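The model shown is predicted, which means the values in this text are computed figures rather than measured ones.
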Amino acid sequence: MKEYRSLNINKGVRGLLFQEFTRMAVTASLCIFAEIQLYLLISRSGKNFLIDSLWISFLAVITIFLFSFYYTFRSSSLVKKQTDDLSTYVTQLRRGKWKERLHWQDENEFSIIAEDLNALAEHIEEQVDTLQRLAEEKSILAQQAQTAAAIEERQKIARDLHDSISQQLFALTMLSSAALKGERTREDLLDSLNEISKISAQSQLEMRALLLHLRPIQLEGESLSDATIKLLRDIQQKFQIKCQASIDEVPPLPQAVEEHLFRIIQEAITNILRHSGATHLKCQLTERGDSIYVYIADNGMGFQLDSAKAGSYGLSTMKERCEEIGGIFTVRSIPEKGTYIEVLVPIKRGEYIESN
Ligand SMILES: Nc1ncnc2c1ncn2[C@@H]1O[C@H](COP(=O)(O)OP(=O)(O)O)[C@@H](O)[C@H]1O
Ligand SMILES: [Mg+2]
């Protein structure tokens, strides 16, 4: 801890200046008196009064000037030393040395400033501590959230595998072993084979949809429109579903908005592939006024919106993602007719283009 010694300005700056001025006046008067005595002693006393008084006045002025220079320099040095100390301390604070404190010995105007600066440093030190603690807590929480999300995702995959593929494999085993046992007519065997073929096709579809869902969600530098077109082409190739797409090139959006929108599109399409049994899928991405509009529809079996499955978060996550970026999410479903989702996200053109 650095020790700052104040110079002796006991009564503050005004006191110092009074003190120095008085000293100057006393010493200058004494000197002038001595000079007059000396001059009178060495001059031819009183012969020429005018010259004598001129000389004495000249000496008096010189003496006063010399002493005023000396005392002004002395007092200003005292004040300067203290302001320098304060300024050095402020510089140290600016460089992040919050732990340093000023120790002022005397009480004057500067000691009040020093005290205030010490209080300020203490306050900054506490704030920095709090900030560091918060940052640490945030990183721990982020880590925990990441772990929790990974566990949840794993549980969801396990559940999906169990609900769909595992059940279907079980059905396949039962059907095939029943077909192998006992006396079976040709028609029975054909029926069983038909069933086996249907179940394995469904199982393959579920597996592909699950893999699609597990694909990395980053856009990998692609625009939202390009990534959506790529995804739809992929689906058209791998699944027996007709895709009707109308994808416009939309203005550049902040990365978070693009990623959220892409995740919503991905989840909606996965739902269609897994649950709808649809033969047609419609996808639209366009700019509507000052908003981005996304529409994804199918002609599948539909479902009752109010009979949400426990442990299913796809639809609610889509809604949350949409609201997080300031959008409106709508889902409509008519049993036996199909389902559609709509997303409308307002955009702030100028800001987005600059931030990209
Ligand atoms: N396009 C769709 N067609 C038919 N049913 C759907 C569709 N989308 C969602 N569903 C139904 O809504 C349920 C909840 O969907 P979701 O929240 O995405 O969870 P998950 O896909 O994990 O089951 C699904 O299990 C399904 O029954
Ligand atoms: Mg889903």
Side-chain angles (χ1 to χ4, degrees), residues 156 159-165 167-168 171 194-195 197-215 224-225 227-248 250 260-289 291-323 325 327-345:
K156 184 180 167 356
R159 200 188 55 232
D160 284 349
L161 282 172
H162 173 266
D163 288 356
S164 55
I165 294 150
Q167 301 288 344
Q168 285 154 352
N194 255 334
E195 196 66 17
S197 150
K198 250 200 265 169
I199 296 174
S200 36
Q202 178 64 25
S203 182
Q204 200 183 10
L205 187 114
E206 292 258 356
M207 193 66 193
R208 282 199 197 131
L210 199 67
L211 289 175
L212 180 86
H213 183 78
L214 291 177
R215 273 202 330 196
L224 178 65
S225 313
T228 310
I229 291 170
K230 215 163 135 186
L231 178 69
L232 289 168
R233 279 210 187 110
D234 205 20
I235 285 154
Q236 182 86 58
Q237 275 173 9
K238 290 185 183 155
F239 296 86
Q240 292 209 323
I241 191 162
K242 254 195 137 27
C243 295
Q244 190 187 335
S246 160
I247 312 294
D248 294 345
V250 290
H260 273 26
L261 284 175
F262 190 56
R263 271 298 277 245
I264 292 171
I265 294 171
Q266 224 183 5
E267 175 64 29
I269 292 177
T270 311
N271 274 353
I272 294 175
L273 297 174
R274 286 186 64 203
H275 309 301
S276 74
T279 52
H280 280 74
L281 179 162
K282 223 185 221 178
C283 181
Q284 191 185 0
L285 170 69
T286 188
E287 201 184 331
R288 242 192 209 179
S291 301
I292 297 289
Y293 175 71
V294 178
Y295 172 81
I296 300 166
D298 67 69
N299 65 342
M301 63 178 70
F303 66 105
Q304 292 290 347
L305 281 170
D306 46 10
S307 64
K309 259 202 313 191
S312 290
Y313 300 112
L315 288 168
S316 54
T317 310
M318 280 198 272
K319 187 169 186 286
E320 274 166 26
R321 279 183 188 283
C322 182
E323 282 165 2
I325 53 176
I328 301 166
F329 179 81
T330 316
V331 52
R332 294 268 179 277
S333 190
I334 305 172
E336 307 310 322
K337 287 252 161 74
T339 308
Y340 74 81
I341 67 136
E342 261 181 340
V343 172
L344 200 65
V345 181

Problem set entry | Any donor-acceptor pair under 3.5 Å from S291 side chain to L344 backbone | no
Problem set entry | Check ion pair R263-E267 (N to O, under 4.0 angstrom) | no
Seminar exercise, completed: To the nearest 0.5 Å, atom CD1 of I269 lies from atom CD1 of I341 at 9.0 Å
Exercise. Is any side-chain heavy atom of V294 closer than 4.5 Å to a side-chain heavy atom of V345?
Worked result: no
For this session: List the atom of P335, the atom of Q304, and the distance in Å for their closest heavy-atom pair.
Result: CG-NE2, 3.7 Å
For this session: Would you name the heavy atoms of S225 and V250 that are closest together and state the gap between them?
Result: OG-N, 3.5 Å
Exercise. Which atom pair, heavy atoms only, marks the closest approach of Q168 to E206?
Worked result: NE2-CG, 4.1 Å
Seminar exercise, completed: With I241 as partner, the option from L273, D298, L205 fulfilling side chain to side chain contact (heavy atoms under 4.5 Å, CB included) is L273
For this session: Just do the side-chain contact (heavy atoms from CB on, under 4.5 Å) check on I325 and L261 with the steps written out, would you?
Result: CA-CA 9 Å; I325 53 176; L261 284 175; 4.1 Å; yes
For this session: Indicate yes or no for a side-chain donor-acceptor contact from E342 to the backbone of T330 under 3.5 Å, with no hydrogens or angles considered.
Result: no
Exercise. Given the rule in the side-chain contact (heavy atoms from CB on, under 4.5 Å) test, do K198 and Q202 qualify, once you have shown the distances and angles that lead to the verdict?
Worked result: CA-CA 6 Å; K198 250 200 265 169; Q202 178 64 25; over 6 Å; no
For this session: Grab the two heavy atoms, one from R332 and one from L305, that are nearest each other, plus how far apart they are.
Result: CA-CD1, 4.4 Å
For this session: For side-chain contact (heavy atoms from CB on, under 4.5 Å), just list the numbers for F239 and L281, CA-CA rounded to whole Å, side-chain angles, deciding distance to a tenth of an Å, and then say yes or no.
Result: CA-CA 11 Å; F239 296 86; L281 179 162; over 6 Å; no
Seminar exercise, completed: Rounded to the nearest 0.5 angstrom, the CZ-CG distance for F262 and L224 is 7.5 Å
Exercise. Considering all heavy atoms of both residues, which atom of I272 and which atom of A297 are nearest to each other, and what is their separation?
Worked result: CD1-O, 4.1 Å
Exercise. What is the minimum heavy-atom distance between Q167 and H162, and which atoms define it?
Worked result: CG-O, 3.1 Å
Problem set entry | pair I247-L232: side-chain heavy atoms closer than 4.5 Å | yes
Seminar exercise, completed: Rounded to the nearest 0.5 Å, the CD1 atom of I264 sits from the CG atom of L315 at a distance of 11.5 Å
Exercise. Roughly how far, to the nearest 0.5 Å, is the CD1 atom of I265 from the NE2 atom of H260?
Worked result: 13.0 Å
Problem set entry | Step-by-step side-chain contact (heavy atoms from CB on, under 4.5 Å) determination, S276 to T339 | CA-CA 8 Å; S276 74; T339 308; 5.8 Å; no
Exercise. Can you tell me how far the CD atom of Q236 sits from the CG atom of L231, to the nearest 0.5 Å?
Worked result: 11.5 Å
For this session: Enter the distance from H280:NE2 to C243:SG here, rounded to the nearest 0.5 Å.
Result: 9.5 Å
Exercise. Tell me, do F329 and E323 make a side-chain contact under 4.5 Å, heavy atoms counted?
Worked result: no
